[in-house]
Amino acid sequence: MKKYDPLKICKEEVINSLDSALKGLGYNEAELKLETPPEEKGDIALSCFALAKVAKKAPQEIAQEIAGTIVLKGNIEKCENDGPYVNFYINKQKLAEITLEAVLGLGDDYGESQPIGKKIILEHTSANPTDKLHIGRARNPIIGDTLARILKKAGFDVETQFYVDDMGKQAVTLSYGIKMWDTKPPDDDSLGPYQYGSKLSNTSSGAEAIKDMLQKLEKGDPETSEKVRKDTKMVMDKDITLSLSKINVEVDRYVHESQFVQDGSVEKVIDALKKSNYCENEEGAFYIDLEPLSGKKAKFFFTRSDGTSLYATRDIAYHLWKFEHCDEAINILGEDHKLESEQVKVGLKILDLDKSPEVIFYSFVSLPEGRMSTRKGRVVFLDDLIAEAVERAKNEVIKRREDLPEQDIQEIAKMVAIGAIRYNIVGVQPEKKIVFKWEEALNFEGNSAPFIQYAYARASSILKKAEELGLKEYDDYDPSLLDHPSEFNLIKEMARFPETIAECAKRRSPHLLAAYSFGFASMFNQFYRDCPVLGCDDDAIRIVRLALVAAAKTVLHNSLFCLGIEAPQKM
RNA sequence: GGGCUCGUGGCCUAGUCUGGAUAAGGCACCGGCCUUCUAAGCCGGGGAUCGCGGGUUCGAAUCCCGCCGAGUCCGCCA
């Protein structure tokens, strides 16, 4: 497996020679942490501060000793002492050889790890099926889908799930809004069915009707269940699943909340929680006191006084089911769900489950005017963002490529627009809040998806022209002919891809992949400037550069794929 | 008021987990590069008391404490 990870091969060689050198010098218990030195100071470095502490010697001295005794072999050609550091230099031609072999040999599989044999259920989005998605909620599928793609590449068996809330007050409110629409439509035509139901819930008759429907729903009344299912499905199909597919997000499984009420598992959760020592009762409603269990000064109500369940109660049943089907569960949730998530974790612990979901919380997206609010009409919907992005991208394409037919322009505009949206959101750490600005969300240059797509299009264009020139065979390239720094920088960055994927998966950090992809595209652009491929007058060099371009194209493709961004052949 | 999160050039972000080599990019600004594979690109330049104050350490953007500012939660809502 390690032969698929060129950088790892080199690092292991460094570790092996360090091991023997350190043993020879009497530093037996050393734990070796390798780092990446600044440019021009080699490829792999060992800092000797930790050793200095154990050996009670100056780190400079130790570094010097190591550099003096180390025996190098394989792909490492040089080792230098620089102050408290030992810097290792990889043989550039050899790195080129093993990297190109790995990338060209594996193609789309380059960067992929062997199957780990672990199943992860990754729940994301799970937006209320009451309304269309706005850009704040859109952070959820973008983080979730990207992470799912990365985890798959890293060897996990991943299933993504969307938890459809077809129970509870909001679902009933939607249904009631739709029901009343026929009898007496709202005066205010800006209201959607959910907002209408919500408005009616402020009247005593509305509140009464909703409460009545809710009880029927929870007791499994067939007519009510059927209506709510139908109404929520309508919103899911029309407003949510469709929007998600526009940004390249396909969810593997939609899990309905009602399932857990109907199969009795929610009832079992309630019974079990009631037996807990931390359970208390307030006017007929049951709750768990969270303070002794998690230090949070809050009451976790898991039934209403009429005995019906609450959201977190049902979520516990869902998680019990989840853990019957996976080894690890990851949830992507808005930061407003922190307490609810804590309730679920506490509930699972009370029910003696030793597993707990790992949760990634993201901060809200706000507008420059302030927090988004549907009620105040201060909101940007995902569909509108997409439409605007496609429109602007189309103008950009037309500006540059008036030669292309309408259909190509449209396709490229779509790829660029969706890419820009996804990249812009996934590039930021989830816990940082985002203030939405059109010019940033639709940024098409610099650190953006189109920058990466452009590098891909350039690589594609070279290969296509090569083929037209009859140069489609470059299997017998000779890596030893490479010697330009831009070629080696590109190779080095390429060699880092498998490690990057593994790191992103381990840290559950999709934003690191965005940064890597941008850096790699930048390397490619520098190579493009410095090293003519088709125009190269030496046949053999042209061949090896073609191989390099093909490999770069593969890495760009694999990066973009994991980011859920399409790779255009031309733009 | 209490809990959790965030604070890095004019603006946006990486680096924080795991403390180490001159704090890394992008946008904007200034100056260059299209008779050679797509200028959505490339090269150069200016611009940072890493919110503030203490502490730990040979060494702190990074770890600890306090303060200030912002977000979020503290519903028999989801």
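On a predicted model such as this, the values are computed, not experimentally measured, just so you know. Protein chains get the first letters and strands the later ones, always in sequence-line order, with residue 1 at the start of each.
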In whole Å, what separates the [atom1] atom of [N] from that of [M]?
{"N": "B/G7", "M": "B/U13", "atom1": "P", "answer": "9 Å"}
{"N": "B/A48", "M": "B/A23", "atom1": "C1'", "answer": "8 Å"}
{"N": "B/G54", "M": "B/U18", "atom1": "C1'", "answer": "25 Å"}
{"N": "B/G53", "M": "B/G44", "atom1": "P", "answer": "35 Å"}
{"N": "B/U72", "M": "B/C33", "atom1": "C1'", "answer": "49 Å"}
{"N": "B/U57", "M": "B/U16", "atom1": "P", "answer": "24 Å"}
{"N": "B/C11", "M": "B/U49", "atom1": "P", "answer": "12 Å"}
{"N": "B/G2", "M": "B/U62", "atom1": "C1'", "answer": "28 Å"}

- prompt: How are the rings of A/W438 and A/F436 set relative to one another: parallel (under 30°), tilted (30 to 60°) or perpendicular (over 60°)?
  reply: perpendicular
- request: Determine the interplanar angle of the A/Y318 and A/Y163 rings, folded into 0 to 90°, and report it as parallel if under 30°, tilted if 30 to 60°, perpendicular if over 60°.
  value: parallel
Let's test this: given Watson-Crick or G-U wobble pairing with both distances under 3.5 Å, identify the partner of [N].
{"N": "B/C67", "value": "B/G51"}
{"N": "B/C42", "value": "B/G32"}
{"N": "B/G75", "value": "none"}

message: Is the positively charged end of A/R139 above the ring of A/Y362, judged by distance under 6.0 angstrom from the centroid and angle within 45° of the axis?
response: no
With heavy atoms under 4.0 Å as the rule, sort [X] into base, sugar-phosphate or nothing.
{"X": "A/R529", "answer": "sugar-phosphate"}
{"X": "A/C531", "answer": "base"}
{"X": "A/F302", "answer": "nothing"}
{"X": "A/D82", "answer": "base"}
{"X": "A/H337", "answer": "base"}

- prompt: On RNA chain B, nearest-nucleotide positions of A/N525 versus A/K465: which is more 5'?
  reply: A/K465
Using a distance-only criterion (donor-acceptor N/O pair, under 3.5 Å, no hydrogens), is the base of [N] paired with the side chain of [X]?
{"X": "A/K433", "N": "B/A70", "result": "yes"}
{"X": "A/N87", "N": "B/A21", "result": "yes"}
{"X": "A/S305", "N": "B/C76", "result": "yes"}

task: Using a strict cut-off of less than 4.0 Å between a Lys/Arg side-chain nitrogen and an Asp/Glu carboxylate oxygen, indicate whether A/E208 and A/K211 qualify as a salt bridge.
output: no
Short side-chain N/O contact to [N] OP1/OP2 from [X], under 4.0 Å:
{"X": "A/S363", "N": "B/C6", "answer": "no"}
{"X": "A/R458", "N": "B/A39", "answer": "yes"}
{"X": "A/R371", "N": "B/U72", "answer": "yes"}
{"X": "A/R507", "N": "B/U16", "answer": "yes"}

field: Of A/R392, A/K394, A/R400, the residue whose pairing with A/E396 passes salt bridge (charged side-chain N to carboxylate O under 4.0 Å, His left out)
entry: A/R400
Give the rounded distance in Å between these two atoms: [atom1] of [X] and [atom2] of [N].
{"X": "A/F49", "N": "B/U18", "atom1": "CZ", "atom2": "P", "answer": "19 Å"}
{"X": "A/L513", "N": "B/G25", "atom1": "CG", "atom2": "P", "answer": "20 Å"}
{"X": "A/E439", "N": "B/G26", "atom1": "CD", "atom2": "P", "answer": "19 Å"}
{"X": "A/L442", "N": "B/C12", "atom1": "CG", "atom2": "P", "answer": "17 Å"}
{"X": "A/L214", "N": "B/G75", "atom1": "CG", "atom2": "P", "answer": "20 Å"}
{"X": "A/L490", "N": "B/C37", "atom1": "CG", "atom2": "P", "answer": "19 Å"}
{"X": "A/E335", "N": "B/G71", "atom1": "CD", "atom2": "C1'", "answer": "6 Å"}

- request: Answer whether the closest heavy-atom distance between the side chains of A/P368 and A/K437 falls below 4.5 Å.
  value: yes
task: Please assess A/N443 against A/S448 for the test side-chain hydrogen bond (donor to acceptor under 3.5 Å, both in side chains), listing each intermediate value before the final yes or no.
output: CA-CA 6 Å; A/N443 176 27; A/S448 68; 4.8 Å; no
